[in-house]
Each structure stands twice: as C-alpha cells, then as structure tokens.
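Naming: A, B, ... by sequence-line order, numbering from 1 per chain.
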Number of protein chains: 2
Amino acid sequence: MPKIIAERSDVIPVLAEIFREYGYEGASLSLIASRTGLGKGSLYHFFPGGKEEMASEVLREIDGWFEDAVYKPLRDGDDPRAAILEMCRSVATYFWSGKRVCLIGAFALDNVRDRFSDAIRDYFAVWQRSLQQALVRIGHDADRASDIAEDAILSIQGALVLSRALDDTAVFERAMARVETGLLAGPDQGNGRTGP
Amino acid sequence: MPKIIAERSDVIPVLAEIFREYGYEGASLSLIASRTGLGKGSLYHFFPGGKEEMASEVLREIDGWFEDAVYKPLRDGDDPRAAILEMCRSVATYFWSGKRVCLIGAFALDNVRDRFSDAIRDYFAVWQRSLQQALVRIGHDADRASDIAEDAILSIQGALVLSRALDDTAVFERAMARVETGLLAGPDQGNGRTGP
DNA sequence: ATAAATGTTTACCGATTGGTACAATAAAGC
DNA sequence: GCTTTATTGTACCAATCGGTAAACATTTAT
C-alpha cells in the first residue's frame, strides 16, 4: 500500500466539524480539501459518492457515538438513574455547553433534510426510545415516560438554538439543569410539565 | 411610475418562504427570480444590497409581525393571561403546527448567523423579555419569570426541530400544550421545571 | 407632447461549484 | 527488482454562483 497520511476514519471527525461550522451547502469541496489536507483526488477516492457520502458517514459516526455513549447505557445500564445523569453530562460536554451545534438538528431545519431524512429521524427516534426505557425502569408508566423523554430531547435542541442565537452558554446550562431535574423527578411527584 | 407587477412589500413574503425552504445559501438568485417572477434586474432594483438585503428585509418583516401579534400584547395587553394564551395560539398557527420552520432559528444554527447576528439575537431577546413581563404581571417574581419564559421559547424552537426531524406534527402540538400549561400555571403552584 | 423617474429585460462578468480523468507516486507482495 | 495495488496531485469540465451593465419599456409630472 502507498503512503497513508490519513485514514478514512481520521477524516470523518474533521468533516463533521466542517459541516457543523459551514452547513452542508456551505462546506465547499475546496474548503473541505484545504481543511482536511487532502486533495480532491483523495477525497473522491475515500468517498466515491462525493459530498453526500461524506455527510452520510459523518451522520453515521455521530449516531454511533451517541449509541455507545448515551443510548446503550440508557437501555441496558444497571442503574437507569445513573445513565440519565450520565446522559446529561455527556450531552453538555459533547455540545460544548451550547457553543457546538447539533449537526443533525441543524440538518433537520435545513433543506438537506430530505436527503438524510432517515438518518435524522432515526437519531432522534432512537434517542427518545432509549430515554423512555430508562424512565420506565425508574417507575414511570410508558406514556408518561414517552412524553418526558420527548420534552427533554426537544429542550436540549431548543437550548442549542437559543443559546447560539443569544450567544450565551448560560442559556444552555440552565436548560440542561432543568432537563436533569425534570428527568430525575420520581414518578410519584408530578412536574406540572408533562402531565396530569 | 412604470408598470408595477409587484411591490417590494409583496415580494418579501415570497422571499421569506424561499429562505425557509432552501436556507440562505440554498436560495440561489435564479431560484428567487423564478419563484418571485422577477428578473435579476428587478430584484437588484428593489434590493440593491443583493441577497443579503433580501434576507435582512425578510428578518425585519418577521420581527415586525411578532412584535405586533405577540410581543406587544404580552407587554401592553390588559390581560396578561389572555396574551399568553393568544401567543400560544399565534405561534402554533404561524408555524403551521411544526411544518413551517422558524427562519430565525434556522439562521441561528446556520453559518449565516454571524451575518445577521443582531437581528437573530434581538428577535429572541425581545420575545423573552416580553413574555417575562407578562409572567411578572401574573404574579411571578422577575427571576422566576425570566426562567419560565426562556424555557418556553426554547421548547418551541426545540419542538420545531424535533417535529421536523421526526416528520410528526403531533410532537409540536404536544410540546405547545406543555408550554401552555407551564406558562399558565400560577406563581403559587410550582411546576418542578423551573423552580427553586 | 415631452422629460424625467421608475421598472424590466437581457446578456454578460469572473469566480466558484461539485465532479471527473488521468498521470504520477509510493509502498507491499512476489 | 519488478509488478501490482492503493493513494495522491493536477488539470480540467460544464454548470451555476452572485452580481453588473446597459438598453429598453412604461408611466407620471410638467
């Protein structure tokens, strides 16, 4: 094999950051080439499908990360309470307290949504279902757990939008604190937000 | 004056819909020209500043609509409770139960955020402050009202992201119902979400 | 009627877009 | 040491990008 400056898997996180910063349309091939240090030839060698395949792989990698770091512990962990707490911590770290955008959320609002609709839907659907399962194991009934999980995920996404719009990480941190207390409030005490 | 097929003010809502569908970068001038029925020359006659001016005017118009239909009643209306209820109704209608994207929220996640950062920040900041004032008039203390208002706006934005990602308007409607009850819960009963 | 103001159309600009072709290069296997 | 195979750089492509120029049409004020 010839000289390997970078493997395909090394390039994907760089691509992810580029898409996050510039969006799908805004990330031109020349920009990608210069930021990755790879020529167009190499890029199309690694990703024959072009920009669309690059973005697909990025989405897959993000989904994989969340699957391992967040979803799986929520579903299979011994302690659902601890998994939920860990989710909040992971999410806050991952999104750099709101400074880093959720690429999948951004794609959902973009016109490229249709192109990646399956990946986008799965990402949120699996997250919601995993969180719901953890809540059920805490003692909530299924419907209530579904509602709470939905509200938590949507609050995180909204927090990313609002903290970025106001350029204020405190917005994100306050929202995460609210999400955490909302998720960990037991099934006995109502929280006035999701239910009867 | 020469023949007027469309006034500037007539074009702006069309532009808004184009930007909503395709994003800032995705809305090419030729697309804009064909959708508005105006040639490039006419476009640049109405908007000498080009695409950036078109987007600015769209943002201004959106802000103006919210100012009249939502913010002002929240601040100055006789009945703050009614104004809050009306806000929820207006928002649900405006966003077509989640099928229509919040252009300003989408811009906030996009790389064009820097270009329109002032308009984006003001839109959300004024919304939050107006809603906070209404909550204070209901009887909340200032800090608590600020927190509740922030949570409501962020939930709406997150609901738009999530309902679009899952392609399910029910997500948006459930979220709006939660927002409404959260906003209208009196200052006496805690709601477990924003509380001390 | 005519001049001036106001829109509109069309052709065009250089730059950049995503993508392709292909030769050059470098290492691994024999 | 030669061939094979995987990677890279360069040149190039048609298409489209945002934007400009200027001739052209239409209407109002005089």
Side-chain angles (χ1 to χ4, degrees), chain A residues 1-59 103 106-107 110-116 119, chain B residues 1-59 103 106-107 110-116 119:
Chain A
M1 295 170 188
K3 67 173 171 186
I4 296 179
I5 288 182
E7 289 195 28
R8 207 180 112 110
S9 56
D10 293 331
V11 182
I12 294 177
V14 181
L15 290 176
E17 223 51 49
I18 297 172
F19 283 129
R20 250 186 268 272
E21 282 181 46
Y22 297 92
Y24 183 78
E25 317 239 35
S28 69
L29 279 187
S30 54
L31 178 69
I32 293 173
S34 81
R35 287 268 295 244
T36 58
L38 262 43
K40 284 190 186 179
S42 308
L43 249 20
Y44 272 85
H45 178 72
F46 285 130
F47 307 96
K51 209 157 79 148
E52 184 152 347
E53 186 176 345
M54 297 180 207
S56 284
E57 289 304 304
V58 166
L59 293 183
L103 184 60
F107 273 20
D110 200 278
N111 64 319
V112 296
R113 179 190 68 146
D114 300 335
R115 232 190 286 217
F116 306 104
Chain B
M1 295 171 190
K3 68 172 169 187
I4 296 179
I5 289 181
E7 289 195 28
R8 206 181 114 112
S9 58
D10 294 329
V11 181
I12 292 177
V14 181
L15 291 176
E17 224 51 50
I18 296 172
F19 283 128
R20 249 187 270 271
E21 282 181 46
Y22 296 92
Y24 183 78
E25 317 240 35
S28 70
L29 279 186
S30 54
L31 177 69
I32 293 172
S34 81
R35 286 269 294 245
T36 57
L38 262 41
K40 284 190 186 181
S42 306
L43 250 17
Y44 272 85
H45 177 71
F46 284 130
F47 307 96
K51 209 157 79 147
E52 184 151 347
E53 185 176 345
M54 298 180 205
S56 283
E57 289 304 304
V58 166
L59 294 183
L103 184 61
F107 273 21
D110 200 278
N111 65 320
V112 297
R113 180 190 66 147
D114 299 336
R115 234 191 284 219
F116 306 105

Spacing between A:Leu29 atom CG and D:dC12 atom P, to the nearest angstrom: 19 Å
Under-3.5 Å donor-acceptor pair between A:Lys51 side chain and C:dG19 base: no
Side-chain heavy atoms of B:Ile32 within contact of B:Val14, under 4.5 Å: no
Charged N-O contact under 4.0 Å between A:Glu17 and A:Arg35: no
Touch class at under 4.0 angstrom, heavy-atom based, for A:Gly41 against every strand present: base
SB check B:Glu25 B:Arg115 (cutoff 4.0 Å): no
Presence of A:Ser30 side-chain N/O under 4.0 Å of C:dT17 phosphate oxygens OP1/OP2: yes
Nucleotide C:dG19, atom P - distance to OH of A:Tyr44 in whole Å: 3 Å
Integer-rounded Å distance: C:dA5 C1' and B:His45 NE2: 9 Å
Nucleotide D:dT8, atom P - distance to CG of A:Leu38 in whole Å: 6 Å
Spacing between A:Ile32 atom CD1 and C:dT16 atom P, to the nearest angstrom: 16 Å
B:Glu53 side chain near B:Phe46 side chain, heavy-atom distance below 4.5 Å: no
Within-4.5 Å side-chain heavy-atom neighbours: A:Tyr24 and A:Met54: no
Sugar-phosphate only, base, or nothing, as touched by A:Ala33 at under 4.0 Å among non-hydrogen atoms: nothing
Rounded interatomic separation in angstrom, taking NZ from B:Lys40 and C1' from D:dC24: 19 Å
A:Leu43 CG - C:dT20 P separation (whole Å): 13 Å
Protein-nucleotide distance (B:Glu52, atom CD; D:dG19, atom P), rounded to Å: 8 Å
Comparing A:Ser28 and A:Pro48 on DNA chain C - which has the more 5′ nearest nucleotide: A:Ser28
Per A:Phe46 side chain, nearest of listed nucleotides D:dC17, D:dT8, C:dG19: D:dT8
